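Right, one structure below, let's go through it.
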2 protein chains.
Amino acid sequence: MAIKEAVRPGGRSARVQEAVHHAVRELQITKSREELSVPQIANKAGVTPSTIYRRWGNLAELLADVSLERLRPDVEPPQTGSLAGDLQAWGEQYLDEMTSPAGQWMLSDIMASAERERRERCCRYSETIMTCLRERAVKRGEATPSVEDLMDGVIAPMTYRLLYDLDTATPARLSRWIAQTLPSTDSPD
Amino acid sequence: MAIKEAVRPGGRSARVQEAVHHAVRELQITKSREELSVPQIANKAGVTPSTIYRRWGNLAELLADVSLERLRPDVEPPQTGSLAGDLQAWGEQYLDEMTSPAGQWMLSDIMASAERERRERCCRYSETIMTCLRERAVKRGEATPSVEDLMDGVIAPMTYRLLYDLDTATPARLSRWIAQTLPSTDSPD
DNA sequence: CACCTAACGCAAAATATTTGCTTTATGAGC
DNA sequence: GCTCATAAAGCAAATATTTTGCGTTAGGTG
């Protein structure tokens, strides 16, 4: 089963997709994860369960789809005047979002997806952000690491701790990751 | 539902646990992920499905349990005479294992678990390895980064790419992560 | 405007999951 | 060793979910 972003966009499929996504988001507010079921979502969305099964395969993939949608970067990250500042500002709000119960469920849902493509898209989102912040810095004439180094130095440890070791996903550590990744301008090490 | 490592160890519970784990491992050889089912596993293990449901809750948690078991470090990592060498040697075999289809399923199964405790245990395994390699280096009198720095500098990027961006989980990149994490002895940067 | 077809609805069939109750086997206390 | 209390397993009925075949609907194309 391939991931379908927008099948027959604008038509009935799109309406069904939106209705189902909306139903999931609504239900997630009141129901706990284990209380969610495909028939329940289908009912709320006004579609038949078989529609959901045929389109998403199972509950896990549907939830992953919804979570990925929510994770998609929508607004331009705030500008602070320096790359370190931009990284810290964006990272702090990201940490804040992802350490919350809702955020943890989102991450968990995405990771539970069997679709490699879906997880990779998640990675692309982060790269997009890093590319954006880096280009700003380049325009200002700052010395900047490559996007790859930003991924390894900042995104990777942050994500690792969000997934595996939640208590250590903190703004203080974020500062450290940023400091160690950016070319040092004042201190020798 | 809490994770139960060994309930009434040595008794019937232990036998059932082993029988079920064994059944899963056997079935995983021939069957694809989607073909696995609780009733099927129960049948192969010679227990009733309700036993599995009551003990593990659902298929996802059972698979995560089995995968975590397989991931547990059993043998001492090979010695090479230097921390960089030890990290590279261990890391390469780990990458090799985890980039394989079987390894990817293991990671995926673990991540799909709703149990935070399970994912954290995974993290502790890596810390155990890092602590081990580091202590060897300390004994040899090498200058070594902290375990936390090893986690951020080596484990995190490696894991991140194994999970999100498989094609970039390579031995060559591993060398880079190691080089950037260890205190540089010859080159200034 | 008519046709083609992807996607949906419906309902029956097949599976999987939950649950109440009974039985078994282990570990503790004597 | 024996007995008791109880955690865990078995069994089977009751539910719930998932799959499937087939008829219907509604976008898109020529």
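Nothing here was measured: the structure is a model prediction, and the numbers come from that model. In what follows, chains are A, B, ... by sequence order, proteins preceding strands, each numbered from 1.
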Sort and list the pairs that fulfil ring-ring contact (aromatic ring centres under 6.0 Å, His included) and have at least one residue in residues 58-89 of chain A, not counting sequence neighbours. none
Output a table of nitrogen or oxygen pairs between the protein and nucleotides 18-21 of chain C separated by less than 3.5 Å.
residue : atom : partner : partner atom : Å
C:dG20  : O6   : B:R54   : NH2          : 2.5

How would you list, by chain and number, every residue that makes a side chain to side chain contact (heavy atoms under 4.5 Å, CB included) with B:L59, sequence neighbours excluded? B:V38, B:I41, B:L63
Pairs touching residues 79-91 of chain B that satisfy side-chain hydrogen bond (donor to acceptor under 3.5 Å, both in side chains), sequence neighbours left out: B:T80-B:D86, B:D86-B:R136, B:Q88-B:E92, B:Q88-B:S175
Verify the contact: side-chain N or O of A:T51 to OP1 or OP2 of C:dG9, cut-off strictly under 4.0 Å; return yes or no. yes
Minimum-distance nucleotide (side-chain atoms of B:V47 versus C:dC8, D:dG10, D:dA9): D:dG10
Does B:R15 place a side-chain N or O at less than 4.0 Å from the phosphate oxygens OP1/OP2 of D:dA8? no
For A:R124, what residues pass the side chain to side chain contact (heavy atoms under 4.5 Å, CB included) criterion, not counting sequence neighbours? A:E127, B:D165
For residues B:V154 and B:L166: do they belong to one hydrophobic cluster (side chain heavy atoms under 4.5 Å, members Ile, Leu, Val, Met, Phe, Trp, Tyr)? yes
Would you list the pairs meeting ring-ring contact (aromatic ring centres under 6.0 Å, His included) in which at least one residue belongs to residues 62-85 of chain B, sequence neighbours left out? none
When A:L59 and B:V16 are each assigned the nearest nucleotide of DNA chain D, the 5'-most assignment goes to B:V16
With the side chain defined as heavy atoms from C-beta on, B:S13 is closest, among D:dG27, D:dA9, C:dC8, to D:dA9
Restricting to pairs with a member in residues 163-184 of chain B, which pass ring-ring contact (aromatic ring centres under 6.0 Å, His included), not counting sequence neighbours? B:Y160-B:Y164
Length of the CD1-C1' vector between A:I52 and D:dT20, whole Å: 17 Å
Taking C:dC8, D:dG10, D:dA8 as options, the one with an atom nearest any side-chain atom of A:R12 is C:dC8
Pair B:D149 + B:R134, salt bridge at N-O below 4.0 Å: no
Of all residues at least two apart in sequence or in a different chain, which pass the side chain to side chain contact (heavy atoms under 4.5 Å, CB included) check with B:S113? B:E61, B:A64, B:E115, B:R118
Of all of residues 25-41 of chain A, which get a heavy atom below 4.0 angstrom from DNA chain C, listed by number? none
Separation of atom CG in A:N43 from atom C1' in D:dA16, rounded to whole Å: 14 Å
